[in-house]
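Note sheet for the following structure.
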Amino acid sequence: MNIKICVSISPETVSEAMRLVEKAENHKADFVEVRLDRLRNHNELPDIADCSQVPMIAANRSIKHQGKFLGSETERRQILLNAAESGFKYVDVEIPALESDDFINKLRKMGANLILSFHDFTKTPSLPRMGKILEREIASGADICKIVTTAGSIKDNLTVLNFVSRACKRAKMVCFAMGELGKPSRILSPLFGALFAIASLERGGETAQGQLTVQEMRDIYQTLGLVE
């Protein structure tokens with residue numbers, strides 16, 4: 001089974017970003033998500049984009065979405081536009097930004113593939129609610145649809161996995177539940193049709209609650225006989 005893992009990193013400097021990307025490469029990451037919201041200087045994004053052949057995802061989370069970016073929404077979006085222009089293969093855009101057709105169109109003209117994402121940091125919505133979110137992402141032209149919830153119980157993992165098993169027939173999906181109780185869905189989502197799982201590079205480098213390290217996830221998949 002071809003299970004893909006995206007390693008999420010959150011560097012403060014360009015040199016740190018390049019070092020972490022190299023480590024992710026050594027762990028055979030299939031994608032690297034670079035969280036730009038902690039980056040102190042955004043003037044050297046091409047150096048990050050060009051430092052690896054692994055497909056790179058640019059994400060820039062505001063405080064509202066549990067990120068670290070303290071600037072204005074206009075500034076946040078401009079950084080994502082700069083990332084697309086610098087050669088990042090994918091740009092992760094939160095659903096609220098879909099209200100701006102101009103922003104989405106500019107990203108597309110720059111050649112970026114769009115990951116249109118929804119995060120619920122308090123709960124796991126119902127299947128019908130997640131279905132409506134998916135419809136909106138598809139209608140907006142997502143190359144990858146991302147729906148991430150928060151597990152309040154073990155049963156929420158079943159809800160998310162049930163959803164992704166159906167939704168992956170309609171779109172490329174990334175879907176799991178955050179939090180300690182959501183770990184089963186993080187591990188199992190690729191088995192149910194998700195494009196990739198998301199992991200941290202190492203302990204202390206988590207970019208969301210409940211993340212396992214890339215090595216921990218590979219060890220689990222190997223124990224289950226799913227990868228060599």
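- Counting heavy atoms from C-beta on, the side chains of I9 and E16 never come closer than 4.5 Å.
- Other members of the hydrophobic cluster containing L181, listed by chain and number, are I154; membership follows side-chain contacts under 4.5 Å among ILVMFWY residues, whether direct or relayed.
- Contact of the H27 side chain with the T213 side chain is not registered, since no non-hydrogen atoms from C-beta on lie closer than 4.5 Å.
- For the residue pair E22 and N26, no side-chain donor N or O sits within less than 3.5 Å of a side-chain acceptor on the partner.
- We find that R186 and E206 are not joined by a salt bridge, their nearest charged nitrogen and carboxylate oxygen being 4.0 Å or further apart.
- Under the 4.5 Å side-chain heavy-atom criterion for Ile, Leu, Val, Met, Phe, Trp and Tyr, F31 and V148 are members of the same hydrophobic cluster.
- Hydrophobic cluster membership is shared by L201 and I187, with clusters built from Ile, Leu, Val, Met, Phe, Trp and Tyr side chains linked at under 4.5 angstrom.
- Through side-chain heavy atoms spaced under 4.5 Å, either directly or across other Ile, Leu, Val, Met, Phe, Trp or Tyr residues, I63 is tied to L70.
- Taking 4.5 Å as the limit, some side-chain heavy atom of K146 sits within range of a side-chain heavy atom of H119.
- The cluster map of Ile, Leu, Val, Met, Phe, Trp and Tyr, joined by side-chain heavy atoms under 4.5 Å apart, puts F88 and V21 in the same cluster.
- V54 and M217 fall within a single hydrophobic cluster, where Ile, Leu, Val, Met, Phe, Trp and Tyr side chains are chained together by heavy-atom contacts under 4.5 Å.
- Here E94 does not pair with K64 in a salt bridge; the nearest charged N to carboxylate O distance is not below 4.0 Å.
- Contact of the I95 side chain with the E137 side chain is registered, since non-hydrogen atoms from C-beta on lie closer than 4.5 Å.
- Under the 3.5 Å distance criterion, with hydrogens and angles disregarded, a donor-acceptor pair is assigned to the side chains of S15 and T13.
- Taken to the nearest 0.5 Å, the CG atom of D102 stands 10.0 Å off from the CG atom of L107.
- Ionic pairing of E73 and R76 is present here: one or more N-O contacts between side-chain nitrogen and carboxylate oxygen are shorter than 4.0 angstrom.
- Look at E135 and R170 and you find a salt bridge, because one of the NZ, NE, NH1 or NH2 atoms lies within 4.0 Å of a carboxylate O, short of that distance.
- A 6.0 Å sphere centred on CD of Q209 holds no more than 12 heavy atoms belonging to other residues, nucleotides or ligands.
- Both I144 and M178 belong to a single network of hydrophobic side chains, linked directly or stepwise wherever heavy atoms of I, L, V, M, F, W or Y lie under 4.5 Å apart.
- Taking both residues in full, the closest heavy atoms of I3 and P190 are given as CG2-CB, 4.0 Å, listed atom of the first, atom of the second, then distance.
- The shortest side-chain heavy-atom distance between K106 and R77 does not fall under the 4.5 Å cut-off.
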